[in-house]
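Comments concern the structure below.
Every number for a ligand or one of its atoms is a count from 1 in the order of the listing. No experiment lies behind these values; they were computed from the predicted model shown.
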Amino acid sequence: MLRFILLLLLTTFVYANDTQELSDSRSFEEFLTDIRTQALDKGISKTTLDKAFDNLKPNPRVIKFDRTQAEFSQNFWRYLSSRVSEYRLKKGAEKLKQHQQELQENYKKYGVPPHIIVAFWGMESNYGGNTGNLGLIRSLATLGFDKRRSEFFTEQLLSLLELIDKGKIPISAKGSWAGAMGNVQFMPTNVAAYGVDADNDGKIDLWGNDADIFASAANFLEQIGWHRAERWGREVSIPKDFDYQLANLNIRKTVNDWKLLGVRAADNKELPTSDMQASIVLPMGYNGPAFFAYRNFRAILRWNRSILYALSVGHLSDRLTGINKLFTKPVVEPSLSRDDINNIQTTLNNLGFDTGEPDGISGPKTREATRKYQKSNNLPIDGYVGYQLLQQLQ
Ligand code: CA
């Protein structure tokens, strides 16, 4: 904890005065002039641009948020218990009841059930309790000016200006430091592509209009591959002699084929007969819970690429429909710091298992190198980058 606080202090100090260094070649004013030209080309009015850029300065807080990455990567149980909290369960049940009719109508139209919409809503903004309070134009202009991901955020800024110009979003709109807005935290390009003005008042009000919020989230999910009347996945039980290499999102088999390999329901009962395609996910390695991931799980991953996020949305939605807690009991295990993961990556690289350039974040390449290391050492090949691996490598 002390290390964490020191890191925060350090980053605060280092970044207190660094907006001058965001770009090598141009000033913020030059950046805005360039954006203005591009915006006028897109047909955005001069009046909107004058108002939007009036006295606009980069926001140092945004840069600070962007550069202060969490020092620890939460493991599955910690992530799940903080995301699927008692508060979210209680509040989510209230929201389901309160908005029953609108959510059902929304379901009929888009095929995304109420408990899924409410789970995203809870995950993204605590049901509207935390939608962000930074001016969106200023945040996106800051990040667009910053050379690190200039192209992505410049596109978001132009999209936002266009939405404002069309009167769909107010010029004073606020959001997260990264430019996500409203109850379901859409980026501007998502609002433009998937936002729905469900009550036909000309605005896509993701802050205060429930119909717009539910329809936009459901429309987005439908467009990115949500299938009506299918679950996202479920907890399962895998046999002791399971080939853990099969637990990989790139491997899909029918439920029937998994049954032949000994996979059972989480309560150890037989799974129903089904031709549905599933992958197996082990978010905490062979010692933790196992899940079937159906194709709706992949839709959740298109909303947010984190597997832990997708499992948490799925589990929160299950709990809201009365499905029990997970059968697997939580394992208490220290979370790994970025330094720990960096050490793992460096050690694996030295042993000849290529993780790429060590960055303290365990992505697909690190997991694949871990599997190779496990294979050559006769360990369970689950690819899990956790505390046990750290100890083995030490
Ligand atoms: Ca509306």
So does D197 have any N/O/S atom less than 3.0 Å away from the Ca ion (ligand 1)?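 Under 3.0 Å: D197 contacts the Ca ion (ligand 1) through an N, O or S atom.
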
Quick check: does A198 have an N/O/S atom under 3.0 Å of the Ca ion (ligand 1)?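 For A198, the answer is no, given that no N, O or S atom comes within less than 3.0 Å of the Ca ion (ligand 1).
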
Do E368 and K365 come close enough that some side-chain heavy atom pair is under 4.5 Å?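 Not in contact.
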
Can you tell me if Q345 uses its side chain to pair, donor with acceptor, with the backbone of G360 under 3.5 Å?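 Checked: pair present.
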
Looking at D201, pick out the N, O or S atom nearest to the Ca ion (ligand 1) and give its name.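 Relative to the Ca ion (ligand 1), the closest nitrogen, oxygen or sulfur of D201 carries the name OD1.
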
Pairs in or reaching into residues 187-206: which pass ring pair (Phe, Tyr, Trp, His ring centres under 6.0 Å), with residues at least two apart or in two chains?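 Passing the test, one end in residues 187-206: Y194-F220.
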
Where the Ca ion (ligand 1) is the corner point, what angle links OD1 of D212 with OD1 of D199, to 10°?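 Seen from the Ca ion (ligand 1), OD1 and OD1 are separated by roughly 80°.
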
E155: salt bridge (Lys or Arg N to Asp or Glu O under 4.0 Å) partners, not counting sequence neighbours: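 Scan of E155 (salt bridge (Lys or Arg N to Asp or Glu O under 4.0 Å), adjacent residues dropped) gives none.
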
